[in-house]
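Chain identifiers are assigned alphabetically (A, B, ...) following the order of the sequence lines, protein sequences preceding nucleic acid strands; residue numbering begins at 1 within each chain.
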Protein chains: 2
Amino acid sequence: MHFVSFLGSPRNQAFRQSELDRMGVVHLNTDAMNELKPRTRIQQKNINAILEAALDVFSQYGFRGSTLDQIAQAAGLSKPNLLYYFPSKEAIHTTVLSGLLDNWLDPLREMDEAGEPIAEIMAYVRRKLEMSRDFPRESRLFANEILQGAPRMMEALEGELKELVDEKAEVIRHWVADGRVAPVDPYHLIFSIWALTQHYADFDVQVHAVLGKTDDSHFADAEVYLETLFTKLLTP
Amino acid sequence: MHFVSFLGSPRNQAFRQSELDRMGVVHLNTDAMNELKPRTRIQQKNINAILEAALDVFSQYGFRGSTLDQIAQAAGLSKPNLLYYFPSKEAIHTTVLSGLLDNWLDPLREMDEAGEPIAEIMAYVRRKLEMSRDFPRESRLFANEILQGAPRMMEALEGELKELVDEKAEVIRHWVADGRVAPVDPYHLIFSIWALTQHYADFDVQVHAVLGKTDDSHFADAEVYLETLFTKLLTP
DNA sequence: TGTCGGTTTTACCAATTGGTCAGAAACACG
DNA sequence: CGTGTTTCTGACCAATTGGTAAAACCGACA
């Protein structure tokens, strides 16, 4: 089944019956994305507009707090037109989420066991901080989903995410055992990297309010601060 | 005007007209709380039940994603009965938020310029971590509000919060200048304390999913980890 | 016993919500 | 140009939403 098969009114019945249950949960593979390969230029454009708008809205208000009207308006389309491209609000949300998760884990995946330990970890921190600066909506969408108990992502958290973290925690454990990194709990190290970097995206308005700034210049300071912090923490 | 004056149907008209505008924004003083001093045991009980239920629901779904029905059910009351005690959904939310904010800032207020710098900062970290463990809903409510752009808290953020942080940042700056604390950006130090401690409340389900745990035993590990981290960072 | 405040429920309302559907409009292409 | 397909719209729907009004309930107390 590919994309066009759930476009249009009569055709998407089949989609609704057979696929929606699966859509209820985010998959980390690219099934969903393959199905969404657009056929025409107009589909390309509108689907992009919808997902972009959905990211805007969902990342601010979460799933329950967002409405199709909001998304439609932000996308510059009518509500029925949204539902021509996606069978339901749920499906839009799921598509946005699953498109996000892969990218979100990439920086950690790139951490290389063969590299110089501290440099590898610092590079990971820098990549995560860059993502917070360049993709704050994605970070907030993720935060919103977790805050609400991750109803549509639990599987991914306990599956792919846990596996990746377990794997990288093991790598760090080895680095510690070899005396190349000061002794730290690898899991809490990873948590702290997430917390420290994502904070600048998720709590953006608070950071701006406290600093009394309107620009993003504090990201440079943050980078320096985090560099100091992790260097002191990790140097044996 | 005190509490009973906006209970009941005919009486709360006046309240709606004159007070609702003020209720639209959280005040850090205790005006709202004074007005909510209950008169009878039954008011005491029901108002507590409502605020407790509201904390549950709002902290999970945010303001827009929460419904009066959800809150009513969680409180074991009927929806019209909720609206006998509070004039609107907005008023419930505002009351919960303003009740929260004072407590939330207390740990930072307690940081004493006259004390031993590193011990003071470590004690602050410990208090914040304890709050994440003991009041995770409050932390999530706060996170939800910030994520949504802090529409009902911006004033407090730019006012009381900023003032307190500015004051304490100055204290830290002095400690640094006196060589009692290693050179750090005071603002980012405070941000990092918030991020690291609140992460364990806000991203609770993620932490549990990754660690494969069902209890809260990781808080002890977190405390050790954070102790190491900040000791290394701050020791001159 | 009556009655009077405080409390709760039943019935209701208008607006908004996610979603449907028939057909109109726009487009692609021979 | 005509015709088949894709895209879009307006009118609609049932359910849910925040909120209201009036009447019923309830315990205390004269």
Side-chain angles (χ1 to χ4, degrees), chain A residues 2-17 20 23-24 37-50 53-54 57-58 61-73 75-94, chain B residues 2-17 20 23-24 37-50 53-54 57-58 61-73 75-94:
Chain A
H2 48 29
F3 181 64
V4 276
S5 62
F6 74 79
L7 283 180
S9 219
R11 257 158 294 231
N12 60 18
Q13 295 302 335
F15 177 83
R16 279 198 188 91
Q17 304 308 324
L20 246 186
M23 299 282 293
K37 250 330 174 290
R39 285 282 158 122
T40 72
R41 239 157 270 103
I42 217 165
Q43 281 175 28
Q44 174 98 271
K45 194 194 60 175
N46 283 341
I47 288 176
N48 274 359
I50 292 171
V57 176
F58 282 139
Y61 300 107
F63 180 74
R64 296 212 28 183
S66 304
T67 72
L68 285 178
D69 288 289
Q70 277 179 293
I71 299 172
Q73 201 185 340
L77 298 173
S78 68
K79 188 172 60 171
N81 206 8
L82 277 200
L83 295 164
Y84 169 73
Y85 289 101
F86 290 89
S88 66
K89 180 184 175 184
E90 185 89 32
I92 299 177
H93 189 246
T94 303
Chain B
H2 48 31
F3 181 66
V4 278
S5 62
F6 73 80
L7 282 181
S9 218
R11 255 156 295 231
N12 60 18
Q13 295 302 336
F15 176 83
R16 280 199 188 89
Q17 303 307 323
L20 246 187
M23 299 281 293
K37 242 350 166 273
R39 285 281 156 123
T40 72
R41 238 158 269 105
I42 215 164
Q43 281 176 28
Q44 174 98 271
K45 194 194 62 176
N46 283 341
I47 288 175
N48 274 356
I50 291 170
V57 176
F58 283 139
Y61 299 108
F63 180 74
R64 298 211 29 184
S66 304
T67 72
L68 285 178
D69 288 289
Q70 279 179 291
I71 299 172
Q73 201 185 342
L77 298 171
S78 68
K79 186 173 60 173
N81 207 6
L82 278 200
L83 294 164
Y84 169 73
Y85 289 100
F86 290 89
S88 67
K89 180 184 173 183
E90 185 89 31
I92 300 177
H93 189 246
T94 302

For the pair made of OH in B:Y85 and C1' in C:dG6, what is the distance, rounded to whole Å?
8 Å
Could you state the interatomic distance from CD1 (A:I71) to CG (A:L77), rounded to the nearest 0.5 Å?
11.5 Å
Please report the C-alpha distance between B:D69 and B:Q73 in whole Å, then the side-chain angles of each, then the deciding distance to 0.1 Å, and finally whether the side-chain contact (heavy atoms from CB on, under 4.5 Å) criterion is met.
CA-CA 6 Å; B:D69 288 289; B:Q73 201 185 342; over 6 Å; no
In Å and rounded to the nearest 0.5 Å, what is the NZ to OG1 distance from A:K89 to A:T67?
7.0 Å
Between B:F63 and A:P80, which has a closest nucleotide on DNA chain D that is more 5'?
A:P80
In this structure, how many angstroms lie between the P atom of D:dT9 and the CG atom of A:L83, rounded?
13 Å
Please check the phosphate of D:dC8 (OP1 and OP2 only) for any side-chain N or O of A:Y84 closer than 4.0 Å.
no
Checking all strands, does B:S78 fall into the base, sugar-phosphate, or nothing category for heavy-atom contacts under 4.0 angstrom?
base
For A:L68 and B:N46, take the nucleotide of DNA chain C holding the closest heavy atom to each; which residue's nucleotide lies nearer the 5' end?
B:N46
Which pair of heavy atoms, one from A:A49 and one from A:A75, lies closest together, and at what distance?
O-CB, 3.7 Å
Can you measure from CG (A:L68) to OG (A:S78) and round to the nearest 0.5 angstrom?
11.0 Å
Does A:T40 put a side-chain nitrogen or oxygen below 4.0 Å from OP1 or OP2 of D:dT6?
no
Round to the nearest Å and state the distance from A:K79 atom NZ to D:dA11 atom P.
14 Å
Spacing between B:F86 atom CZ and C:dT7 atom P, to the nearest angstrom
13 Å
How is A:L77 classified with respect to the nucleic acid when contacts are heavy atoms under 4.0 Å: base, sugar-phosphate, or nothing?
nothing
End-to-end bend of the helix from C:dT1-D:dA30 to C:dG30-D:dC1 (five-pair axes, 10° rounding)?
10°
Whole Å only: how far is the CD1 atom of A:I42 from the P atom of D:dC8?
5 Å
Here the distance between atom P of C:dT7 and atom CG of B:L82, to the nearest Å, is 15 Å
In whole Å, what is the span from the CG atom of B:N81 to the P atom of D:dC25?
16 Å
Could you check if a side-chain atom of B:I92 sits within less than 4.5 angstrom of a side-chain atom of B:F58, using non-hydrogen atoms only?
yes
Reckon A:Q43 has a side-chain N or O less than 4.0 Å from the OP1 or OP2 of D:dT7?
yes
Would you compute the distance between atom OH of A:Y85 and atom CD1 of A:I50 and round it to the nearest 0.5 angstrom?
7.0 Å
Check whether the side chain of A:K89 and the base of C:dG19 form a donor-acceptor pair under 3.5 Å.
no
Rounded to the nearest Å, what distance is computed from the CD1 atom of residue A:I47 to the P atom of nucleotide D:dT6?
14 Å
